[in-house]
Amino acid sequence: MSGDELTAEILRNALCVAAEEAGIVVVRSAYSTFIVEGADAAAAILDAQGRLIAHSLSTALIQCASLRGALPYVLKSHPPDTMEPGDVFVLNDVYQGGIHANDLLVFKPVFIEGVPAYFTGTLIHVADLSGLSAGGMASDATDVFLEGLQLPPVRIATARGLVDDMVRVLAANSRTPGKLVGDLRALIAGANVAARRLEEIAEAHTPEGLARGIAGYLAHTERRMRIGLAGLPQGTHRGGYRLDDGHTIRVAVGVDGCGGIVVDFAGTDEQVPLPINSGFSQTHGGVLYAVRCFVDPALPMNEGCFAPVEVRMPAGTLVHCTPPFPGGGRFGTVAAAEEAVFAALTTAFPGGGGVAASGILQAFSISGARRPWLHMSFDLGGMGARDGHDGPDATGALFGGGRNIVPQAEPIEARLPVRVEEVSLIPDSGGAGRHRGGLGTRTVIRMLDGARVDTRGDRLLRPPPGAAGGGPGRAGGYYRERADGTREPLGTKATRQPLDEGEALVVETSGGGGYGDPAERDPDAVRRDLADGRVTREDPR
Amino acid sequence: MGITLASDVGGTFTDVVLTGADGRVQVAKTLTTPDDPTIGLLRGVEQVLAATGVEPGHVDRFVHATTLATNVILERTGVPVAFVTTAGFRSMLALGRQARVEEERYDLAYERPEPPVPLSHTFAVPERIAANGEVLVPLEEEAAALVADEIAALGVAAVAICLLHSYVNPVHEQRLADIVRNALPDGTPVVTSSSVWPEMGEYERATTTLMSAYVGPVMASYLERLSARLRDLGVTAPVHVMESAGGVLPTALAASRAVYTIESGPAAGVIAAAREGARRGLADLISFDMGGTTAKAGLVRGGRPGVTHEFQVGGKGSFGGRRPGTGVPIKVPAIDLAEVGSGGGSIAWVESGTLRVGPRSAGADPGPACYGRGGGLPTVTDADLVLGYLDPDGFGGFTLSAERARAAIAEHLARPLDVGVVEAAAAVHDIANAQMGAAVHVVTVRRGIDPRGFTLVALGGAAPTHAARLAERFGIARVLVPPQAGVGSAVGLLYADLAIERARTFLAPVAGLVSCSGSRDALGGLARVFDDLERAALADLAVAEAVCVRSVGIRFIGQAHAFTVELPSGPITPETVQRAAEEFYKRYQESYGIELRDPAELTTARVRVVLPSGSRERLAAAPPGGADGTGSRRVWLDGAFQDVPTRERAACAPGDELTGPCVVTEPQCSLLVPPGWHGAVDDHGALLIHHEEPS
């Protein structure tokens, strides 16, 4: 390894570590339970052209895409020459790259030789910022204003500290003002740490060295990304996926065979006045996730991955909402867009048997009916089986993550007036097939105080289908369990459902679809499943 | 201080050192006997006793580092274990807290790692304790007895129990353990989470407990066998085993807390490096420990090895850490380091026209081809010998056959690749260096740390041969080769103190502990927890008195992540807690840049009890002995063979200068000083070499 190569590699890693450190700072200094137990935070470093340079590893790709998508709008409303050292900006506008009201994006310019040359960005789901339901998961929000306080890019801090008037407005619009301000501080702290690191890196490598190193890094990634994309079957490949409510995402993936692809959602259904639409940055992140599943998985995630992928998202459709259509519950739509891309690309390969769909994350929030407390979380569905592989149980399919972002029972109980009675795999929930779908989970949370519940799920009315002759996964759902043990369904997108003290919320996630003819399943695999209790009967249904 | 024996059992070699009151060190290197490691170990003990004439009965202490626990977990060779938890949570281990990181995220055929216990061996009993310790549902004894019978029918060798909130109230775990124990053959270990690591967070507590049960019986029988064999030899000294954070444990504890010893061997190397550096005023070090089977790199900054509480066995690394959710989390403190499966015994092979090295090792049996013990496959050691870096006449006490090394390389590498034997050997050496580089890379470059200001400390039989070339890769300009570098980890053991850490969740707002009114109860509670922990830790070490360092976890109320802040010794008062809070505010501000004085709470009480018992003497440099030990050998350097001077390390006197190219040989290792490097022998016999033009 030459000295230059070593320097370049140290620089690349230092950038990634800076983003990683920012993410850790946010998680460690935040208050929202979503973040502190689930570590659901994102941090990124971008340049003044809006190019993504590095992001923290805990970052889901859709969060990363949001930071990348929003920066140009920050720069549009606050041109670089109006920025001062110490400035920090915040926004949440879904039409300007944001996600929904509760996901706050914070940006800090990093001045190199007097000019804002780079930006550090952080993003988390804050505890509460107004809107119909505490926690921001109202599934009956018919427009964006019902989702919560709308923030275009505004200055939230300067070199003199927080902009107090802004903070007062935000706090006044939160059901949990203390936590909100704490979370805001955490976001700014994360952006500050990454900015400080970036300044140190610029000093160690000189500004020119830094710029050169970044350019080389992004170009190298792009070259590798293009090599991967050039290996996809040439032509236009189509796929689709239908949401629970019958709306359909349609996609055509055009592969030029030379390293470029065009992902076009023309023909996708129109947006609806409910929060199931997706903001453009979210769909873009989902597409990148899906496409990256077909190239070298070791590629770093930066602008080099975005550059060769053109994504066409017709405005006013489910995948690109426009004012005033809401986008808070976008993950069902984003996951559908991903499955559509999987379907298109998988069937394009010779002998491709299609893709068994996966159960997706199912979010819920529980808030105090009389006292202000709030629990937000999600559970994960089983992954679809693949040719040659059973689907993994309850994993973060489609968004990357994994179960380490699901909080444990003990810290929840130590913090909130609830009792977690069960967290378990649901037997027989994986779709039957030569390869079985992954299992879904059941979580039972008993209320020790009057509460209201919001739910947000999909693939519950139309469970994840199997492929190549495999069966669908078992449909999950949300339920209210009365004190006497009787169970009644809550809606898959229920809002502020009362749960009295002594009643429980039951969250069941969907199993993944199976792959191939169940009759061809290896008898040893069936015996193992029986012994483990993953299935309860020998005959595949 | 009396006579101490120390032994580090590696994958290929077993190192034994003995030191007495005069600080002189006697060393033996024997081949590891994998089927029963005590055989090779005892062989070494006999050698050093015979060489020094020390009576076995006069040995005061035997310190041991073993990779047994790690190997058992990684190779899944522990005893069959059953796991019991609270009803409703039987899937806890199968569900896990797995993270899909980096490439796994994009793997459509992703498969989750198998849970450490199959679901068929996992049970749940009706019972429930609340977060405040209150019993909500009493343990259903009949159900528990049925579970115990089912477990007995499985014929498991150990049982792990982790019930919800047992860290605050262990009564159900203890009762259940009794019931299960009654159903099992006498002596079957039943391990409760409240006894192993009573901290909040059921998953990590469960895996830590489970691994204790899984490894414990294997460790216990190994240590019993070892102690018995030592006794047969007349060595009756207590046996201490190194734990992952750099202290040592008595045998009984090492067996019941086997998870504490997971990084036993590697930790010894980092401790040795830190100590050797400190002696020479070097505080920023990279310990590089290369043996026959693996190589490890650890970072020492400001004189202190990094310690982590978030250790993941078999975890996937990223940016120098093992990411949470990628392996089996073990909640005990461990020295942070990186390991690659490549060492002197790694086998070189050709795969579709490409030269590969490792991860398979020739180990001790049959060993590298040049050992002449029946091994026919070429290894890194064979390549080093062919290149002239090793002395054919002496390595670990036996001669090396260059003929056999050449033949193995010719047959398995040179011929298939259609290159010369020497070219093939040089390529193997370079590839090995690159692999060593990966370990150093993980602890430095991947964390954004520039290694160029650090000193590389070479330990282990193969390290001195590769250290300078490895340093060059990173622009590291200084390499330290301590005395007895070839058995460096074993030497590190001589310095280790008896130590054990215990912790327990203790949730209490700081305000309630420092206010005048009503603070007595809470303060008393904290003092009691510390007393209990301290008493338990002293009992662990079977001593009455020791140095006790108390610390607390502290965080802002509503946050999840705590800082660890040390408390002063003496009584717990409102002032000591207030000072801890002030320290926390200060460190929070330093770490996050947020000046905040919101209400804080204590989360954990932690005690580390240390009984200074390691050797305090400076080891004396062996006086230069025998002939002048100089000679010359043909050595492959920069593409050609050159005649370079060689000298024996035993003949090196303090102040002697070394100028590359040269080779310094000693019985356990061989230092290659390439062109461009020079240095000197210091007063304590260490070789410190510098690169003239750091790249």
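Atom CD of B:E595 has 12 or fewer neighbouring heavy atoms from other residues, nucleotides or ligands inside a 6.0 Å radius. Within a 6.0 Å sphere centred on CZ of B:R301, other residues, nucleotides and ligands contribute 12 heavy atoms or fewer.
B:A94 touches chain A through its side chain: at least one heavy atom from C-beta onward sits under 4.5 Å away, while N, CA, C and O do not. For A:T441, the part lying near chain B is the side chain, with the backbone staying farther off; criterion is any non-hydrogen pair under 4.5 Å. Residue A:E421 touches chain B through its backbone alone, counting heavy-atom pairs closer than 4.5 Å. Heavy atoms closer than 4.5 Å to chain B are found nowhere in A:A385, neither backbone nor side chain. A:V423 touches chain B through backbone and side chain together, each having a heavy atom under 4.5 Å away. Residue A:R197: no heavy atom, backbone or side chain, is found under 4.5 Å from chain B. B:N132 does not touch chain A: none of its heavy atoms, backbone or side chain, sits under 4.5 Å away.
Remark: A:S424 pairs with A:E422 by the side chain to side chain donor-acceptor pair (under 3.5 Å) rule, at least two apart or across chains.
Between A:D387 atom CG and B:L108 atom CG the span is 12.5 Å, to the nearest 0.5 Å.
When each of A:A18, A:A189, A:G190 is scored by its heavy-atom pairs under 4.5 Å with chain B, the top score falls to A:A189. If you tally non-hydrogen atom pairs under 4.5 Å between each of B:D107, B:L596, B:L119 and chain A, the highest count goes to B:L119. Among the candidates A:R386, A:R528, A:R196, the residue making the largest number of heavy-atom pairs closer than 4.5 Å to chain B is A:R386.
A side-chain contact (heavy atoms from CB on, under 4.5 Å) with A:Q408 holds for exactly one of B:M92, B:R205, B:M200, B:E204; it is B:E204.
Under the 4.5 Å side-chain criterion, counting only non-hydrogen atoms from C-beta, B:L136 is in contact with A:R419. Using a 4.5 Å cut-off on side-chain heavy atoms (C-beta onward), A:P411 and B:E202 make contact.
For the pair A:V420 and B:F89, the tightest heavy-atom approach, listed with the atom from each and the gap, is O-CZ, 3.4 Å.
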Report task. Apply the test side chain to side chain contact (heavy atoms under 4.5 Å, CB included) to residues B:Y588 and A:S29: give CA-CA distance (whole Å), side-chain angles for both, the deciding distance (0.1 Å), then the verdict. Result -> CA-CA 9 Å; B:Y588 193 86; A:S29 58; 2.8 Å; yes
Query raised in the report: Does the side chain to side chain contact (heavy atoms under 4.5 Å, CB included) test come out yes or no for B:Y203 and A:E410, once each step is laid out?
Result: CA-CA 9 Å; B:Y203 178 66; A:E410 288 178 349; over 6 Å; no
Query raised in the report: Does the side chain to side chain contact (heavy atoms under 4.5 Å, CB included) test come out yes or no for B:Y106 and A:L61, once each step is laid out?
Result: CA-CA 11 Å; B:Y106 306 109; A:L61 232 165; 3.4 Å; yes
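A donor-acceptor contact shorter than 3.5 Å links the side chain of A:Y289 to the backbone of B:R105. A donor-acceptor pair under 3.5 Å is absent between the side-chain atoms of B:S120 and the main chain of A:D532, judged by distance alone.
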